[in-house]
Amino acid sequence: NSESLSSKLHTSITHSSFQIFRLKKMANFKVSRVETTPFEGQKPGTSGLRKKVKVFIQPHYLQNFVQATFNALGADRVEGATLVVSGDGRYYSKNAIQIITKMAAANGVRRVWIGQNGLLSTPAVSAVVRERVGADGSKATGAFILTASHNPGGPHEDFGIKYNMENGGPAPEGITNKIYENTTTIKEYLIAEGLPDVDISTTGVSSFEGPKGKFDVDVFDSTSDYLKLLKSIFDFPAIQKLLTSPKFSFCYDALHGVAGVHAKRIFVEELGANESSLVNCVPKEDFGGGHPDPNLTYAKELVARMGLSKMHSEPNPPEFGAAADGDGDRNMVLGKRFFVTPSDSVAIIAANAVQAIPYFSGGLKGVARSMPTSAALDIVAKHLNLKFFEVPTGWKFFGNLMDAGMCSICGEESFGTGSDHIREKDGIWAVLAWLSILAYKNKDNLGEGNLVSVEDIVRQHWATYGRHYYTRYDYENVNADGAKDLMAHLVKLQSSIDEVNTLIKGIRSDVSNVVHADEFEYKDPVDGSVSKHQGIRYLFEDGSRLVFRLSGTGSEGATIRLYIEQYEKDSSKIGRDSQEALAPLVEVALKLSKMQEYTSRSAPTVIT
């Protein structure tokens, strides 16, 4: 009995001292310098450093990368700074948040802001960096985002970390190159000793004292700042009218990623959608064992519900469906039994933004797409006389244009769409953009008359601008040497266009001639920086394209992405099945590249 009394007393003391912790200064901390040695391969890709969890949990591994980042930023950007530290909630995030918080304290950071439970979507982090003002008037100067985006999570899966700058966008190459250089020579890192783990499940500020003065940890509501920004962009009452109409039905699948945290608050509480329209909206460390990539292959439940499953027929699919990836920056948009390609999606949003979205009512500054994305946006830009930019893959290139006031809407074929409201792609923004277009087109139809559907909007767009048949083949985790050899073979072929055309005619005589072939290179119009080797392009006389890229987003092996596109202006030919329309070009691409020979793969891992 005395034992249970002492344990109750201990619990009570612990609880009351915890309350004091939340309200008063906690114990002082000291700074420890921990000796370390470099790890190979800590080179951040287009979206930070991604590796298997088993790699990250090695002693000193995460710490080396975080210290290398602080060193790359320099003391003037670190001491006294306010940093956001949060992510998609994948396995190992909670440990990582505590480690980074202690290292931030030791490196002289003044405040760390953490979304409740460590959860903030990547677009929400960008919004918080740009928009949030702390109770003491502080503004964030950067962020560590803990995510491996659309890659699976769990003890045997992927973890990732990336640093975003004071504009809310990913660190530019100048910084990421410096981070990598630092990881190759690192000898020590700094960490706070005597700083307890912070309870990230409860909102509130915890204050500490260190050698350089005060250090605060502010745990805040994950959705409020993001929601406030979205409400300043869209006509929420118009969307609410659509979502609450008995004629309209809606389905949103967060694939157990962090977007689920925002979805309930935005779609249900603010916009009046039924809670039953949310699927897989409880974030899980392993994304429920699934692959949190919003495409037709991995978003199986949504695809079935929308009437697009080959295995299962749905008698009455919703009017509109959408999915998000693990960190909420990607989106897939579906209509009833109808898939919208990401390349078409950004073009349709751009074509309708001025009428349908209040934020853009004054006109668009310009539009941009990543090089592998189809040229559907180019045609809209030409029609609307807008500035247009084609950039390498990587959101930071869009960020530069936006910071310079040259671009309003941008997108990439890998299910990323966004605007200049933040400096990351934004999955929920894209869904609200589509709902805004549907609300605008149906403002007079919610009582009587037929609804204008997602499919109607897309087909009307094709009738106006022509259709870009488009597909992407992903060959994941292929042998890295084989992948490099394949790319080298394609570059070598480009030295003689005549020879390429002879080879093509030998494969398919009904395919147009190649008129230009190169390795895409981009000179940034804002800072003059040049990005080379951004993908191998074959451009055809009739506007068709083949593009080959090695992707930097996997954690093991190499991923080859093959993009196949054919432009069709003839309105009598815009209704064909996409794979059927592209079959001749697909055959040319696979044979010209000797895909099977170099990769030993007879089929792609994913087709989108």
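Excluded from the calculations below are hydrogen atoms, water molecules and symmetry mates; all remaining heavy atoms, backbone and side chain alike, are included.
Of all non-hydrogen atoms in Tyr469 and Arg576, the two that sit nearest each other are OH-N, 3.0 Å. Among all heavy-atom pairs drawn from Met165 and Pro170, the shortest one is CG-O, 4.2 Å. Considering every non-hydrogen atom in both Ser436 and Ala356, the closest pair reads CB-O, 3.7 Å.
Aromatic rings of Phe287 and His256 (six-membered ring for Trp) have centroids beyond the 6.0 Å cut-off, not under it.
Here Lys52 pairs with Asp158 in a salt bridge; the nearest charged N to carboxylate O distance falls below 4.0 Å. With respect to Glu413 and Lys425, no salt bridge is recorded, no charged nitrogen being found less than 4.0 Å from a carboxylate O. Salt bridge status for Arg90 with Asp327: absent, with no side-chain N to carboxylate O gap under 4.0 Å.
Between His468 and Tyr567, the ring planes are parallel. Angles under 30° get that label, and only those over 60° would be called perpendicular. Using a 30° and 60° split on the angle between ring planes, Phe234 and Trp429 fall in the tilted class, from 30° to 60°. The aromatic rings of Phe415 and Phe339 sit tilted relative to each other, their planes meeting at an angle between 30° and 60°.
Side-chain contact check for Tyr473 and Arg561: no donor-acceptor pair (N or O, by modelled atom type) lies under 3.5 Å. When only modelled atom types and interatomic distance are considered, Ser149 and Asp325 share a side-chain donor-acceptor pair under 3.5 Å.
Considering only heavy atoms from C-beta on, Phe388 stays 4.5 Å or farther from Val380 through its side chain.
Atom CG of Asp570 has more than 12 heavy atoms from other residues, nucleotides or ligands within 6.0 Å.
To the nearest 0.5 angstrom, Asn513 atom CG is 11.5 Å from Ser544 atom OG. Atom NZ of Lys441 sits about 4.5 Å away from atom CG of Asn352, to the nearest 0.5 Å.
With hydrogens and angles disregarded, a donor-acceptor distance shorter than 3.5 Å links the side chain of Thr471 to the backbone of Thr608. Within the 3.5 Å criterion, the main-chain N or O of Glu519 finds no donor-acceptor partner in the side chain of Gln534. Checking side-chain atoms of Asn442 against main-chain N and O of Val452 turns up a donor-acceptor pair under 3.5 Å.
Remark: Phe398 pairs with Trp395 by the ring pair (Phe, Tyr, Trp, His ring centres under 6.0 Å) rule, at least two apart or across chains. Listed by chain and residue number, Lys365 satisfy the salt bridge (charged side-chain N to carboxylate O under 4.0 Å, His left out) test with Asp420 (two or more places apart in sequence, or in another chain). Take Arg467 and apply the salt bridge (charged side-chain N to carboxylate O under 4.0 Å, His left out) test, not counting sequence neighbours, and it matches no residue.
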